[in-house]
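See structure below.
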Amino acid sequence: MTTTEGPAAQTVAPDPEFAAQAVAKADLYERAAADRLGFWAEQAREHVTWDTGFTDVLDWSNAPFAKWFVGGTLNVAVNCVDRHVAAGNGERVALHFEGEPGDTVSLTYAQLQEQVCRAANALSALGVGPGDRVAIYLPMLVESVVAMLACARLGAPHSVVFGGFSADALHSRIVDAEAKVVITCDGSYRRGKPTALKPAVDAALAKGAPSVTNVLVVRRNGEDVAWTQGRDVWWHEALEAAPPEHEAQSFDAEQPLFILYTSGTTGKPKGILHTSGGYLVQAAYTTRNVFDLRPERDVYWCTADIGWVTGHSYVVYGPLANGATQVIYEGTPDTPDKDRWWSVVEKHGVTILYTAPTAIRTCMKWGEEFPARHDLSSLRVLGSVGENINPEAWNWYRRVIGGGRTPVVDTWWQTETGAQMIAPLPGVTALKAGSAQVPLPGIAAEVVDDAGEPLGHGQAGYLVLTEPWPSMLRGIWGDEQRFKDTYWARFPGRYFAGDGAKRDEDGDIWLLGRVDDVMNVSGHRLSTAEIESALVSHPDVAEAAVVGATDETTGQAVVAFVILRGGHAEGPDTVADLRAHVGKEIGPIAKPRSIMVVAELPKTRSGKIMRRLLRDVAEHRPTGDVTTLTDSTVMDSIRSGMGASAGD
Ligand code: PRX
């Protein structure tokens with residue numbers, strides 16, 4: 001990576017013209033600091049329409065199980081759709097859909113309302129009611145947004161499973177959530193080719209999922225699909241048959257809104273539970289302030305897939321609660337050519353763009369000629385999320401995509417936090433390339449040492465959140481103990497994020513990556529343990545160790561070391577077989593970049609695999625301290641075999 005884009009600590013002062021009109025004002029910090037709960041009450045009243053007003057802002061008496069906006073009732077879908085129609089904005093475009101092959105649909109808020117009502121009626125007709133779980137396995141389609149909102153309207157928590165996950169991964173998520181209905185489609189388009197999606201649902205259900213009564217199937221690409229009579233229902237038929245009006249029920253602020261599975265430090269993904277009122281308040285407040293969103297004139301585009309939390313909070317709930325006009329795009333950025341994103345920006349006059357550093361670094365690699373083909377002057381705010389944005393990428397993003405004018409906001413948050421937590425406010429904060437900078441007004445974060453003591457500037461430690469926040473997770477689905485142990489035990493009373501961090505001399509926060517066995521590959525969260533257990537489920541594998549090695553484009557890459565079972569010699573197809581096996585068990589995103597077959601793994605005397613040493617090998621560094629190894633010659637033999645590692 002070049003370092004021609006300038007030094008790391010450079011700051012960019014807010015443009016005076018931008019600042020004069022900015023949504024966010026500096027006094028937000030003062031107001032929040034003076035009365036944090038009062039501040040959140042204000043945000044809750046400003047951003048959400050309550051059917052019954054809340055009587056208490058926060059009930060933390062049963063910590064770490066929070067209740068926000070106690071006594072308040074609302075309907076999340078009404079907040080995201082109906083209230084904008086009622087306010088006279090029914091003709092405003094809610095979604096500009098861009099299909100990968102070039103087909104487009106623009107849906108107004110009034111049209112979205114009708115679709116959501118029909119879908120809610122269709123789901124009710126299939127027996128879905130408040131509290132029932134609905135699994136959604138769809139690519140980026142209008143129907144995906146409609147499906148999520150229809151569930152929200154019914155008070156039926158959705159569990160969206162990323163379309164890139166395998167049938168096995170889908171199966172375990174359906175079973176864990178005991179979903180009643182699965183919503184999917186025949187297939188989609190990927191790099192110009194039709195791909196199938198429904199077969200994965202059929203395979204998942206064939207493994208046994210007694211809770212599922214029906215599968216709703218969106219017709220997207222006309223792929224031939226197998227059909228299970230009595231179980232499978234076409235989405236378009238069900239919606240046509242359903243009435244276009246639906247009376248929404250009002251739900252308690254703590255009504256579960258969704259479960260979203262994410263990787264933790266053990267093999268089993270965690271079902272992160274989010275509820276309605278607090279989640280919506282923080283999603284809406286951050287979308288408006290962090291992106292300087294003016295719903296009446298902005299065209300907003302977050303490139304995330306609905307399969308990830310960013311697609312929940314910053315494609316569906318945050319922008320729609322604000323009544324924004326946004327773009328959703330089905331395909332990859334290089335189809336039909338590497339300028340596809342920029343052609344979409346030009347076509348729709350996108351003003352706010354939110355994406356991940358890995359995408360920015362990929363575009364850097366492709367070259368400036370692709371964005372240069374298009375007029376990107378409509379852009380006025382750029383956002384980044386999912387992993388560290390290195391200063392080079394930050395500066396390139398601002399210069400090449402933002403024309404050197406736009407603020408770039410780096411936003412730190414997690415599936416668990418539900419919404420952005422650490423980010424600058426455009427028009428207020430002097431921006432610093434590479435740093436997420438400051439906790440948002442209303443959020444309290446600290447960097448602490450091993451003992452939980454706050455660290456001074458310049459010292460690296462652990463990031464903790466010291467006060468509860470409205471969009472915090474309410475638990476792990478079906479596992480209260482794991483929720484307490486994972487997040488609240490390391491530093492009692494405080495939320496342990498699992499990230500390393502440090503403050504610089506100005507007090508700005510720099511994220512330093514995960515401190516646990518969670519990897520971040522292209523902004524996707526993967527657990528080393530999950531991939532290891534996928535590998536050892538292969539009949540040829542006796543033992544496996546997985547590490548995340550630094551990668552210029554994807555941030556980290558999965559590198560695996562495996563020991564084959566006695567009698568199995570490495571064959572010409574071993575590595576390819578194992579990669580395919582991980583793809584089948586978890587999904588293509590989890591396939592290791594390289595797999596090395598080894599005779600031994602480096603272990604401490606207590607039998608713990610020393611991943612640190614394997615990371616040294618994977619990153620082609622001299623091996624660190626090996627004195628705690630049972631057998632220090634192990635590393636020599638791994639190193640000497642490294643040249644033969646396949647797939648790298
Ligand atoms: O390590 C941090 C990294 O992504 C993790 C959360 O992943 P996930 O739950 O999948 O959510 C991603 C989208 C919100 C964090 O623990 N991360 C996220 N944003 C940043 C980041 N690391 C550095 N800078 C960021 N802006």
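This structure is a prediction, so every number in the text was calculated from the model and none was measured.
- For the side-chain contact (heavy atoms from CB on, under 4.5 Å) test with Gln113, the passing option among Leu107, Val81, Val78, Leu149 is Val81; the others fail.
- For the residue pair Glu416 and Tyr487, the shortest heavy atom distance occurs at OE2-OH, 2.7 Å.
- A distance of 12.5 Å separates NZ of Lys268 from OG of Ser527, quoted to the nearest 0.5 Å.
- For Tyr314 and Thr286, the side-chain atoms include at least one donor-acceptor pair closer than 3.5 Å.
- Between Trp40 and Trp68, the angle of the ring planes goes over 60°, which puts this pair in the perpendicular group of the 30/60° scheme.
- Here Asp176 does not pair with Arg133 in a salt bridge; the nearest charged N to carboxylate O distance is not below 4.0 Å.
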Candidate pair Trp235 and Ile183, rule side-chain contact (heavy atoms from CB on, under 4.5 Å), full reasoning: CA-CA 8 Å; Trp235 167 274; Ile183 308 179; 4.1 Å; yes
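- Summarising the geometry, atom NE2 belonging to His246 is positioned 5.0 Å from atom CG belonging to Asn121; distances are rounded to the nearest 0.5 Å.
- Between Trp301 and the choices Phe97, Tyr354, Trp341, the ring-ring contact (aromatic ring centres under 6.0 Å, His included) rule is met once, by Trp341.
- Remark: aromatic rings of Phe165 and Tyr137 are distant, center separation not under 6.0 Å.
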Test Tyr279 against Ser313 for side-chain hydrogen bond (donor to acceptor under 3.5 Å, both in side chains), laying out the working first. CA-CA 9 Å; Tyr279 171 80; Ser313 306; 2.7 Å; yes
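- Inter-residue side-chain proximity for Leu141 and Glu330 is flagged as met; some heavy-atom pair is nearer than 4.5 Å.
- Classification of Asp56 and Lys67 as a salt-bridged pair fails, no side-chain N sitting under 4.0 Å from a carboxylate O.
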